[in-house]
Amino acid sequence: MAELDRGKPAASAASPIPLAYVIAALPPLFWAGNFLIARMMRDDIPPIQMSFWRWVLALAIMLPFAWSSLRLDRSRLLEEWPFLALLGAIGVTAFNCFIYTALHHTTVINAALVNSLLPVVTIILAWVLLGERIFPLRALGITVSLVGAVLVIARGDLLALGDLEVGRGDILVVLGMSFWALYMVLVRRRPLGLKPLSLLGATTVFGIVFHLPFVLVETTASGIFVPTLHSLPALIYFAIFPSILAYVFWNRSIATLGPATTGMFMHLMPIFSAILAAVLLGERLAWYHPVAFIVIVGGILLTTRRPSATPQPNHQKR
């Protein structure tokens with residue numbers, strides 16, 4: 001397996017073939033499609049049940065492939081089940097329910113742009129929970145990215161922020177994204193030593209269980225959703241592409257290209273989302289959308305830059 005990079009791909013013969021970049025671009029495309037189809041099906045599938053059925057089908061498809069990993073890791077899974085339950089609650093239940101509910105109230109383009117703040121929120125939570133330092137350059141990047149997000153939420157009119165009624169959907173995207181950032185920080189804080197399919201399978205099971213009370217509440221208001229021939233293709237897409245294949249390809253890309261390079265491909269998601277939403281949903285791309293994208297990406301590039309090391313005596317370079 002290729003060694004993880006430190007911000008640059010290896011040179012010459014060790015450089016990844018172009019296929020590696022294609023694989024890295026697929027997860028953002030699948031996640032953009034997830035946003036798009038959730039928005040398209042908002043009148044057909046209630047959001048909580050949309051998330052519930054997505055993960056039920058994903059588990060059914062995944063289980064034959066994950067079963068051997070789960071058996072090998074069973075003692076570790078039993079030891080860590082409370083932590084795995086927490087990960088399932090925030091990474092499967094909370095994140096997806098918030099995002100799918102948000103897409104009933106905001107556009108795909110807005111949701112994708114606000115969601116692109118994920119690296120910034122992750123850095124802030126890593127500072128709060130892990131004590132990681134935020135250098136001045138990172139602080140500047142966080143500020144710049146937040147300006148880009150506010151530009152989207154304010155619909156391009158920053159002068160009217162005092163009178164702004166913040167859209168419900170945009171706030172729900174922020175909440176969902178924050179839960180996913182928390183999930184990533186917790187996994188980083190406490191590595192479990194599980195095989196990838198064991199981790200995904202176990203958190204999916206717990207996530208499905210935590211869906212149940214919310215599904216019960218939603219059915220009292222919206223009725224019970226029963227998959228039909230019209231809605232089944234959407235659910236199958238949810239189960240296979242953003243839930244399983246995106247996860248597999250993303251981890252493959254991290255192993256091939258390294259985490260720093262792979263992370264940069266997340267910036268494709270707003271672009272994919274904007275193109276798909278414009279073509280398939282007729283959503284209009286306002287002037288502030290590309291401006292906000294440039295501002296957010298610029299801020300993220302600042303936050304992910306390593307500060308220049310100051311030469312000090314008797315210290316080796318990292």
Side-chain angles (χ1 to χ4, degrees), residues 25-51 53-54 95-118 145 147-158 160-161 163-177 180 218 222-223 225 227-243 245-246 265-297:
L26 288 176
L29 177 61
F30 295 159
W31 290 324
N34 180 42
F35 277 31
L36 176 86
I37 295 175
R39 179 71 175 168
M40 290 174 67
M41 301 300 294
R42 66 188 184 278
D43 295 329
D44 299 279
I45 312 175
I48 307 300
Q49 294 174 78
M50 180 183 288
S51 180
W53 282 106
R54 165 188 174 176
F95 168 67
N96 288 282
C97 288
F98 275 117
I99 291 296
Y100 284 155
T101 304
L103 287 163
H104 279 60
H105 302 282
T106 191
T107 65
V108 172
I109 296 173
N110 266 31
L113 281 171
V114 175
N115 190 69
S116 65
L117 279 174
L118 177 64
S145 291
V147 169
V150 170
L151 185 65
V152 175
I153 294 172
R155 306 294 191 270
D157 191 358
L158 294 178
L161 282 176
D163 302 322
L164 178 68
E165 293 184 6
V166 179
R168 177 184 177 188
D170 296 330
I171 294 300
L172 291 173
V173 174
V174 171
L175 290 172
M177 172 193 61
W180 184 248
E218 186 180 71
S222 305
F225 165 74
T228 64
L229 290 177
H230 174 66
S231 59
L232 194 58
L235 293 173
I236 292 174
Y237 176 88
F238 292 149
I240 295 176
F241 291 91
S243 304
L245 291 183
F265 279 81
M266 274 302 296
H267 303 324
L268 292 174
M269 185 177 166
I271 298 174
F272 288 146
S273 297
I275 294 171
L276 291 172
V279 173
L280 299 177
L281 294 180
E283 291 186 7
R284 295 181 60 188
L285 192 66
W287 68 267
Y288 57 83
H289 285 129
V291 172
F293 173 75
I294 293 170
V295 172
I296 290 172
V297 171

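Values below: every heavy atom of this structure, side chains too, minus hydrogens, waters and symmetry copies.
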Compare every heavy atom of [Y] with every heavy atom of [X], then report the nearest pair and how far apart it is.
X    : Y    : answer
G33  : L276 : N-CD1, 4.2 Å
A25  : F272 : O-CE1, 3.6 Å
A277 : I109 : CB-CG1, 4.0 Å
V173 : A102 : CG2-CB, 3.5 Å

[X] side chain near [Y] side chain, heavy-atom distance below 4.5 Å:
X    : Y    : result
Y100 : I48  : no
H230 : M41  : yes
P242 : Y237 : yes
F241 : L26  : no
L36  : L280 : yes
M50  : F225 : no
F293 : L113 : yes
P233 : I236 : no

**OP:** For side-chain contact (heavy atoms from CB on, under 4.5 Å), just list the numbers for W31 and N115, CA-CA rounded to whole Å, side-chain angles, deciding distance to a tenth of an Å, and then say yes or no.
**Re:** CA-CA 11 Å; W31 290 324; N115 190 69; over 6 Å; no
**OP:** Check step by step if ring-ring contact (aromatic ring centres under 6.0 Å, His included) holds for F30 and F238.
**Re:** CA-CA 9 Å; F30 295 159; F238 292 149; over 10 Å; no
Between the side chains of [X] and [Y], is a donor N or O closer than 3.5 angstrom to an acceptor N or O?
X    : Y    : result
H289 : N110 : yes
S243 : R54  : yes
D170 : T106 : yes

**OP:** Give the intermediate values and the outcome of side-chain contact (heavy atoms from CB on, under 4.5 Å) for residues V174 and V114.
**Re:** CA-CA 7 Å; V174 171; V114 175; 3.6 Å; yes
If you measure from [atom1] on [X] to [atom2] on [Y], what distance do you get to the nearest 0.5 Å?
X    : Y    : atom1 : atom2 : result
T101 : L175 : OG1   : CG    : 10.5 Å
I45  : H104 : CD1   : NE2   : 8.5 Å
I240 : L235 : CD1   : CG    : 11.0 Å

Taking [X] for the side chain and [Y] for the main chain, is one N or O donor matched with an acceptor at less than 3.5 Å?
X    : Y    : answer
Q49  : G223 : yes
S273 : M269 : yes
H105 : R168 : no
E283 : A278 : no

**OP:** Under the ring-ring contact (aromatic ring centres under 6.0 Å, His included) rule, collect the residues that match up with F98, sequence neighbours excluded.
**Re:** F179
Original post:
Who are the ring-ring contact (aromatic ring centres under 6.0 Å, His included) partners of W180, not counting sequence neighbours?
Top reply: F95, Y183
**OP:** Could you go through the side-chain contact (heavy atoms from CB on, under 4.5 Å) check for L103 and R42 one step at a time?
**Re:** CA-CA 7 Å; L103 287 163; R42 66 188 184 278; over 6 Å; no
